[in-house]
Amino acid sequence: MADNIPNPNSEGPSGGWGSLKGIASTYGESSPTPAALETLARQNKPGGFMCVSCAWPKPVNYHPFEFCENGAKATLWELTSHRCTPDFWNDHTVGELRQWKDHDLEMTGRLTHPLRYDAGTDRYVEVTWDEAFVGIATILNRLEKESVVFYSSGHAGLEASYLYALLARLYGNNNLPQSSNMCHETTSVGLNKVIGSPVGTVVWEDLEKADAFFFFGQNPGSNSPRFLHPLQDAKRRGARIVTFNPVLEQGLISFVNPQNPIDMLTGNETQISDQYHQVKAGGDIAAILGVCKHVIEADDLAVADHKPRIVDFEFIEEHTTGFDQFVEMVRETPWPDIERESGLTEVALRDAGDVYIGAKSVIGVYGMGLTQHAQGALNVAMVVNLLLLRGNIGREGAGCCPVRGHSNVQGQRTVGIAEKTKLIPMDKLKELFNFDPPMKDGMTIVDAVKGLMDGTVKAFVSLGGNLVRAVPDQLEMERVWAAQELTVMVSTKLNRSHLFPAKTAYILPCLSRTEIDRQVSGNQSVTTEDSFSHISGSTGKRTPASKCLRSELAIVAGIAKATLEPGPRLRWDDWIADYSLVRDLIEKTYPEDFRDYNARMFQAGGFYRGNDAHERVWNTPEQKAVFTKPDRLNALSFAPAEGRFRLVTLRSNDQFNTTIYGYSDRFRGIEGTRDVVLMCKADIASAGLFEGQRVTLVSDFSDGKHRELAGLEVRAHALPIGTIASYYPESNVLNAIDHHDELSKTPASKAIPVRIVSGHRNAFGSREIETAMERPVFVSGDRELKREAFQREGSVD
Ligand SMILES: Nc1nc2c(c(=O)[nH]1)N[C@H]1C(S)=C(S)[C@@H](COP(=O)(O)OP(=O)(O)OC[C@H]3O[C@@H](n4cnc5c(=O)[nH]c(N)nc54)[C@H](O)[C@@H]3O)O[C@H]1N2
Ligand SMILES: Nc1nc2c(c(=O)[nH]1)N[C@H]1C(S)=C(S)[C@@H](COP(=O)(O)OP(=O)(O)OC[C@H]3O[C@@H](n4cnc5c(=O)[nH]c(N)nc54)[C@H](O)[C@@H]3O)O[C@H]1N2
Ligand SMILES: [Mo]
């Protein structure tokens with residue numbers, strides 16, 4: 001079965017012995033403390049701690065080891081025995097460290113002491129916490145309120161996040177961008193627009209009831225591996241999985257459950273995708289339109305034959321708006337246009353349509369492959385169009401499932417980390433804390449980076465993250481980041497953003513979630529929200545990496561106390577002493593979401609915050625779910641042109657965002673290096689290149705600015721013509737800050753327009769205009785003919 005969809009580049013199935021080897025190699029390299037293994041056994045369980053990696057939900061009935069390869073790596077990485085102490089700076093200057101690789105920076109180990117940059121020696125030096133807080137406060141109070149940004153990457157728990165947002169508003173602005181501005185902001189804005197919910201509608205039980213899963217641009221094998229368990233169960237009960245992804249991702253092809261001894265010993269693989277459609281990067285709008293066209297045509301036939309309808313017309317009438325306009329557009333769009341824009345054949349899309357029609361309940365899953373495009377929100381709306389056709393939202397076993405990234409990225413938004421004032425119950429904040437909250441919208445990441453570039457942003461406080469490395473236009477970002485008055489980075493490990501210190505710069509080292517957080521009233525727990533809107537308590541049990549570390553909550557409170565006027569309602573010391581008091585505040589601010597918060601936080605599987613769209617209550621202006629008529633067939637901001645490629649920026653399974661654990665992307669068969677550009681053989685040939693050659697990618701974005709990434713080795717990979725790939729974050733030097741989703745401003749990291757230069761000449765190629773259909777479409781399952789065609793020609797064309 002599994003060899004229906006061979007991946008020519010992969011070393012084997014996802015999971016399996018390879019995943020244990022992967023964990024073992026991180027274990028070896030990061031030299032974790034001996035108790036680390038015991039810690040792993042408590043991961044994602046009631047009474048344990050919630051994984052520091054991704055936001056995949058925690059099941060009620062958990063496995064003996066409720067962690068995946070990457071969760072284990074993330075935990076071991078935090079529990080390393082390596083320490084980056086103030087002595088480290090005796091031997092290294094900041095300038096020297098800029099030459100280091102991201103992996104080597106983090107390998108120095110956990111940060112142990114608060115540090116301030118000393119420009120005279122170009123090193124960080126130890127300071128006391130009080131010196132740091134007073135130093136930060138002095139500058140914050142000197143700057144214009146609007147010129148300060150409070151960034152957060154989705155790690156910190158709900159309690160610290162709530163206080164952080166409060167700090168920014170008490171200080172005087174809503175400049176609270178978050179990592180989701182580079183990630184699922186497209187969902188927060190785009191999904192909200194069409195179903196009135198900024199988050200997914202699916203809960204755990206739906207996974208157990210779905211008859212089909214449609215995957216668009218989400219890679220569970222690397223990025224949410226615990227998802228593979230319910231998928232395996234789904235396959236075993238006969239559910240179908242259809243995938244749209246330009247890259248053949250091993251985790252979507254086959255899986256050996258590393259937690260099942262029989263599977264492990266017998267190598268018993270579960271084939272994941274029944275159909276795998278290698279859509280062109282940015283081609284999903286056309287692909288989904290094709291699937292919808294098949295459904296509409298089947299419905300027309302059913303109506304003509306007086307058979308039961310294929311679309312759920314009752315649902316559509318009662319719950320949606322815009323159906324007629326959408327259908328008209330679908331009917332009018334000819335198949336050749338759909339084929340050209342998606343890179344997929346009519347036959348393939350009809351195959352996918354048959355699975356959709358044949359399933360009672362369908363879940364639409366998506367990730368960065370849809371959100372990180374110039375028309376990302378339209379991508380999301382197209383998934384919703386498809387689901388609405390057969391009433392697949394707000395019903396058991398069905399729904400929309402955006403898979404979030406950081407472990408508490410969704411929750412941080414829930415408790416007030418948001419730049420948009422309309423999302424915040426300002427009246428409640430006013431009542432609780434007796435102040436007039438700022439009412440002007442704050443900055444997104446794109447606004448903040450542009451503010452850095454034009455000099456209006458003068459200070460950045462970062463609660464986690466590595467923004468310099470995570471955003472487009474990275475080289476310019478390094479320069480403008482360092483030109484600020486103040487940078488404050490609350491971090492666990494050294495990273496590239498620390499190496500471009502502002503005039504005054506602090507690194508504040510914090511506890512990780514695995515560690516004991518002891519405060520005046522005793523050991524504290526924190527809470528996080530997962531992708532399914534469930535909230536779970538988390539208790540660290542490990543001895544902290546250094547006696548000097550403070551919790552994120554204590555650091556936020558420390559900055560707040562030093563910076564803000566005191567007031568009787570601002571009980572920072574009490575809040576640090578007992579986090580349950582912060583949870584009381586959250587409950588008072590959001591009473592519907594957080595009812596009985598302190599009592600319910602350790603409920604197995606977490607407590608459900610609820611979601612109106614899950615109950616078919618649509619909080620859109622029309623009070624209906626919205627069909628969107630697309631005004632274009634691809635998600636790009638540029639047209640195809642001779643020699644122009646669409647560059648997809650990839651994650652390997654050996655990294656967590658800008659944290660690089662190692663150089664083994666075993667699913668894609670790339671070992672020992674990340675300096676590669678993946679291309680299909682046809683593109684290599686037509687561009688006049690050869691495998692192993694070193695090339696330079698240059699930006700082909702419309703602003704005409706020069707951006708390049710040199711020294712990439714050309715590797716043959718099974719990709720559609722015109723779509724090439726290289727790794728994030730290295731490739732961020734190539735993207736432009738103005739290249740982002742139109743609606744949400746999420747940077748368009750998945751189809752960056754580039755050209756390839758080898759030596760002194762431009763390599764042409766990318767004949768995608770004339771040859772879009774040349775590549776055999778990859779369909780397994782019902783259509784033997786297609787599969788044979790595929791096997792005859794080979795998957796790397
Ligand atoms: N191990 C590990 N786990 C992680 C992370 C990590 O870096 N490492 N990061 C975390 C974070 S913050 C996030 S947001 C999530 C990210 O998890 P994902 O959403 O899975 O993100 P990516 O791997 O960036 O991209 C997903 C897929 O989109 C495909 N793709 C690219 N372009 C297109 C397109 O135009 N159409 C379609 N249909 N597919 C496309 C890519 O081939 C890739 O397989 O993972 C989280 N978990
Ligand atoms: N080209 C391209 N660019 C992208 C993407 C892409 O796919 N392609 N993906 C985008 C996405 S989805 C995201 S989410 C962003 C990620 O952007 P960020 O969230 O800014 O980056 P991370 O790499 O997750 O941050 C890593 C750092 O966080 C700190 N850290 C780790 N754990 C903790 C903790 O518990 N507390 C605190 N305070 N700090 C901690 C460590 O110091 C570590 O170095 O990047 C975006 N950029
Ligand atoms: Mo993300």
Side-chain angles (χ1 to χ4, degrees), residues 52-56 68-71 73-74 77-78 102 105-106 111 151-157 160 178-184 215-225 243-249 251-252 277 279-284 287 366-373 379 402-407 409 445 462-472 474 489-498 507-513 552 555 634-635 646 648-659 661 723 725 727-732 734-735 746-747 749-752:
V52 292
S53 184
C54 81
W56 186 250
C68 66
E69 171 176 355
N70 291 303
K73 282 182 182 171
W77 199 249
E78 288 300 306
D102 299 288
L105 290 174
E106 290 219 4
L111 293 159
Y151 170 63
S152 46
S153 123
H155 294 280
Q178 193 216 18
S179 56
S180 80
N181 285 115
M182 299 172 275
C183 180
H184 266 293
F215 269 85
F216 300 95
Q218 201 272 332
N219 183 14
S222 287
N223 300 332
S224 48
T243 294
F244 291 83
N245 194 316
V247 184
L248 284 181
E249 302 289 22
L252 287 160
H277 302 284
V279 62
K280 289 184 191 182
D284 299 83
Y366 70 86
M368 298 301 101
L370 289 200
T371 62
Q372 296 177 333
H373 278 292
N379 274 335
V403 182
R404 299 272 166 172
H406 282 303
S407 54
V409 65
I445 285 292
S462 290
L463 186 60
N466 182 10
L467 198 63
V468 170
R469 197 65 167 146
V471 293
Q474 197 205 313
M489 303 226 30
V490 182
S491 309
T492 50
K493 296 270 188 81
L494 198 59
N495 67 42
R496 194 153 301 273
S497 298
H498 301 136
I507 301 177
L508 305 180
C510 65
L511 290 171
S512 124
R513 238 183 350 254
E552 289 171 314
I555 295 171
N634 65 54
R646 304 169 185 191
V648 171
T649 60
L650 291 176
R651 298 172 148 76
S652 84
N653 70 309
D654 217 6
Q655 76 183 85
F656 191 91
N657 297 341
T658 67
T659 295
Y661 302 127
T723 297
Y727 287 115
Y728 146 67
E730 292 84 344
S731 48
N732 265 337
L734 285 165
N735 207 6
T746 306
S749 308
K750 289 297 186 269
I752 304 175

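As the structure lists them, so they are numbered: ligands from 1, and atoms in each ligand from 1. In this text the structure is predicted, and so the values were computed from the model without any measurement.
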Sub-3.5 Å N/O-N/O distance, E552 and ligand 2: yes

Test of proximity, V490 against ligand 2: N or O pairs below 3.5 Å: yes

Which of the ligand 1 atoms, numbered from 1, are nearer than 4.0 Å to a heavy atom of G282: 34 (C), 35 (O)

Side-chain (D102) to main-chain (T658) donor-acceptor, under 3.5 angstrom: no

N657 and ligand 1 - part of the residue with a heavy-atom distance under 4.0 Å: both

Mode of V279 contact toward ligand 1 - side chain, backbone, both, neither (heavy atoms, under 4.0 Å): side chain

Test item, V403 contacting ligand 1 (heavy atom, 4.0 angstrom): no

Heteroatom distance test (N653, ligand 1): nitrogen or oxygen, under 3.5 angstrom: no

H406, portion touching ligand 2 at heavy-atom distance under 4.0 Å: side chain

Contact partition for M368 relative to ligand 1, non-hydrogen atoms under 4.0 Å: both

E249 side-chain N/O to G221 backbone N/O, donor-acceptor pair under 3.5 Å: no

Contact (N/O only, under 3.5 Å) between A470 and ligand 2: yes

Nitrogen or oxygen of S731 less than 3.5 angstrom from that of ligand 2: no

Backbone N/O of V468 and side chain of S497: donor-acceptor pair under 3.5 Å: yes

Any N/O pair R651/ligand 1 closer than 3.5 Å: yes

Check: S179 N/O within less than 3.5 Å of ligand 2 N/O: no

Min heavy-atom dist H184 to ligand 1 below 4.0 Å: no

Side-chain donor or acceptor of T371 paired with backbone N/O of H184 under 3.5 Å: no

Donor-acceptor pair, side chain of N653 and main chain of S222, under 3.5 angstrom: no

For Q372, atoms of ligand 2 separated by under 4.0 Å from a heavy atom: 5 (C), 6 (C), 7 (O), 9 (N), 10 (C), 12 (S)

H498 N/O to ligand 2 N/O under 3.5 Å: no

Polar atom proximity, G465 to ligand 2 (N or O, under 3.5 Å): yes

Proximity of N219 to ligand 1 by residue part, where a heavy atom lies under 4.0 Å: both

